[in-house]
Amino acid sequence: MNYLDELNASQLAAVEQIDGALMVIAGAGSGKTRVLTYRIAFMIENGIDPFNILALTFTNKAAREMTERIGKIVGPSEAKNITMGTFHSVFSRILRFNADRLGYPTNFTIYDTQDSKSLLKDIIKELNLDDKAYKPSSVLGRISSAKNNLISADMYAQNEEILFEDKQAKRPLISTIYKTYENRCRKAGAMDFDDLLFQTHVLLRDFPEVLAYYQHKFQFILVDEYQDTNYAQYLIVKKLAATNENICVVGDDAQSIYSFRGANIQNILNFKVDYPDFKLFKLEQNYRSTKNIVEAANSIISKNKDQIKKTVWTDNNDGAKITVIRTLTDNEEGKIIGGKIFDAKQSTSISFNDIAVLYRTNRQSRAFEEALRKFNIPYKIYGGISFYQRKEIKDLLAYFRLTTNPSDEEALKRILNYPRRGIGKTTEENLIIAANNNSVSIWEVLINLDQYGLNFNKGVRDKLYEFVTMIRSFQAQLHSLNAFQLAETIAKSSGILKELKEEKDKGPEEVERFQNIEELLSGIQEFVNSSEEVKTLSDFLLDVALLTDADEDKNEGRNHVTLMTIHSSKGLEFPYVFIVGMEENLFPSQMALNSRTELEEERRLFYVALTRAKESCTLSYAASRFIWGQLISSEPSRFIDEIDGRFLHFDSPPRGQGRSLGMGINRGERPFSGGLNRTMGSPKLTSMNDLKGSSNANGNSSYMVGQNVQHERFGKGKITKLEGIGNDQKATVFFPHHGIKNLIVRFANLQILEED
DNA sequence: ATCAAGGCTTTTTTT
DNA sequence: AAGCCTTGAT
């Protein structure tokens, strides 16, 4: 039982409390995972059957790692029997098992966000609604938050308050769209992400025998990251725990960062009400970070009003101060951080794995990607467009989906004419209209064209028939071939492989696409080999829908710098952390400036970012950055000001080179004078005179579209268009403060701003 | 039915 | 800057 010796008093207390309701408030870096792991191991060693344990984690990866660690204590075969995973993946398995009760096919499809939006777009069009007022993403947002609050389409249509809100927002027909969307998903045998929660709740609500079964099965329940659960998750857990009331929730209100997808801190407060006899454990000692980092983080989070009192402290060394770097542009930010990483790697014995660059929005990754590539530093970007969201992968997966669930409309729409087989838009529209009018799936129409009164000409009929025959031939092999064999067959006979092979010599992107398909196929091969049971393509799809980048650990062993959003860094730690883009309107996000609660969530997000760092943390911001192709100037984030100045060190890198001194070297501390140095350095100007004679082959000057230029009167601008040559050359220039101007180049005396 | 070109919009975070 | 959509030519 020596593993218990690794725990401090409060950790041990939480581990040894097996029965009843308990809440563990775990500060950042306080050994939360260790407590969860050891607690489960302890339970099993004390005679609790792993089959009776349900552990809900935040990522699949966390679940895998925990299973492994528990396996080391109690043996892997025991650990394997614990039901552990994300809400979504655990529930999707339960739903597969009970699909028929809810009127879904066992092989129901899981629509991802892209599928949902595409369907909504169609519906909005079919209903003849203004697609400016009804944007698929905002409509999906409405529907999603309704589902997360267990409001069905019918309830939505009857809820005065919601209808009023929609009316106010000039989108009174969302309830109609919701209803249609629900019908269409059902007809397609598809659940979206939110349905996985919503339908699980329906299952447990309407089928007492199912509820009783799972209540009996899951006698002990653990929920990680409880602060990020939404109402649906809360209620499901509550129902499951109702008979035994052995429930342990772990969380940290200071790290609640998912309210945009319905997470509700209220759930933590409700816990007291639901389980009045609950025991509370607080883990306050931080084992992860230096004193500087812990205290800087504390000074930040103390600015929030909404919080549960706790004092996070550490015994670790003081460590280095937090470095603050200012750069001119977003590109320079990339170069300087890249240079810091390069230098750090040269001078110390750190590994690239020890380094993370964290940002608020995915699109910021680009500058760092480019810079790191130039420095020849290996990196991996998490999030953004994940492997499974790539077009070529989704295309092939759509074939798989249609094979296992022919009702899947989104899959069908995707591949009906891909690779190109002469089935055009008109044909597709007619099919969809017929399907809608008769309230059946498109596939149903497709296999009975006559029955639905579609009079296509012979050419079209033949092509459709050919398509149907192909899909049917795949379906016929669903059970005779394993997942890999069938996947390979489909990749070949669908023509996808051929198509991509032919495009391969077009460029590196095309090569990559082909390689991605190969990678997917070998992934399926691995999936088949990983088990003694025969794995079918349906089995594979079941697994794949809920995988994310964070879950794939193929590159785990490789040595690379990590690039990710702060959101996806939750739960991780790195010795060296760079938090970049510390600018107003970016972090905190512009979208979050409307209310205190939103701003506080951004602040918690910053708290999460800071507390990822073990030894060193560097903040950076750019004086201006390109946003939608325009150079916008920006101010340093208020969050920098909010950190107690004692913990900061301001570093002004030398201009020009984009490289700077080593990471650990402190160069004369600049006092924190009047907030931050907000004056912008002026970019270097290159006078046109210097460029005389450097005209290009057309006899034109060196102006180019996209160039940033300086005008005497209008200031900085960007060339958006060039017309004519020589003396007649005209330039269209966008000036942020003066709008678009058409200028005659000869007179305008535009000075080119040097790219950095 | 297909393809290229040009215009228009994009405005966070994720299962 | 990039992706999506419409348009117009073939």
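So that the names make sense, note that chain A is the first sequence line, chain B the second, and so on, each numbered from 1. Values below: all heavy atoms of this structure, side chains included; hydrogens, waters and symmetry mates excluded.
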Most 5' of A:W628 and A:K425 on DNA chain C, judged by nearest nucleotide: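 Checking each residue's closest nucleotide, the 5'-ward one belongs to A:W628.
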Residues A:S116 and A:Y181: side-chain donor-acceptor under 3.5 angstrom: yes
A:F193 and A:D112, any side-chain heavy atoms less than 4.5 Å apart: yes
Geometric cation-pi criterion, A:K303 with A:F606: 6.0 Å, 45°: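 Cation-pi check for A:K303 and A:F606: fails.
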Cationic tip of A:K463 above A:F467 ring, under 6.0 Å, 45° of axis: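 No, A:K463 and A:F467 do not form such a contact.
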Atom [atom1] of [X] to atom [atom2] of [N]: distance rounded to whole Å?
X      : N      : atom1 : atom2 : value
A:I632 : C:dA1  : CD1   : P     : 13 Å
A:R363 : C:dG3  : CZ    : C1'   : 14 Å
A:M564 : B:dT15 : CE    : P     : 11 Å

Presence of [X] side-chain N/O under 4.0 Å of [N] phosphate oxygens OP1/OP2:
X      : N      : value
A:K391 : C:dG3  : no
A:N417 : B:dA1  : no
A:R420 : B:dC3  : yes
A:T113 : B:dT15 : no
A:T426 : B:dA1  : yes

From C:dA2, B:dT15, B:dT11, nucleotide with atom closest to A:R366 side chain: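 For A:R366, the side-chain atoms sit closest to C:dA2.
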Just to be sure I understand the rule, does [X] reach a base, reach only the sugar-phosphate, or reach nothing, if contact means heavy atoms closer than 4.0 Å?
X      : value
A:N362 : sugar-phosphate
A:S589 : base
A:Y258 : sugar-phosphate
A:S89  : nothing
A:K463 : nothing

Nearest-Å distance once atom P is located in both B:dT13 and C:dC4: 16 Å
A:F260 and A:Y258 aromatic ring geometry - parallel, tilted or perpendicular at 30°/60° bounds: tilted
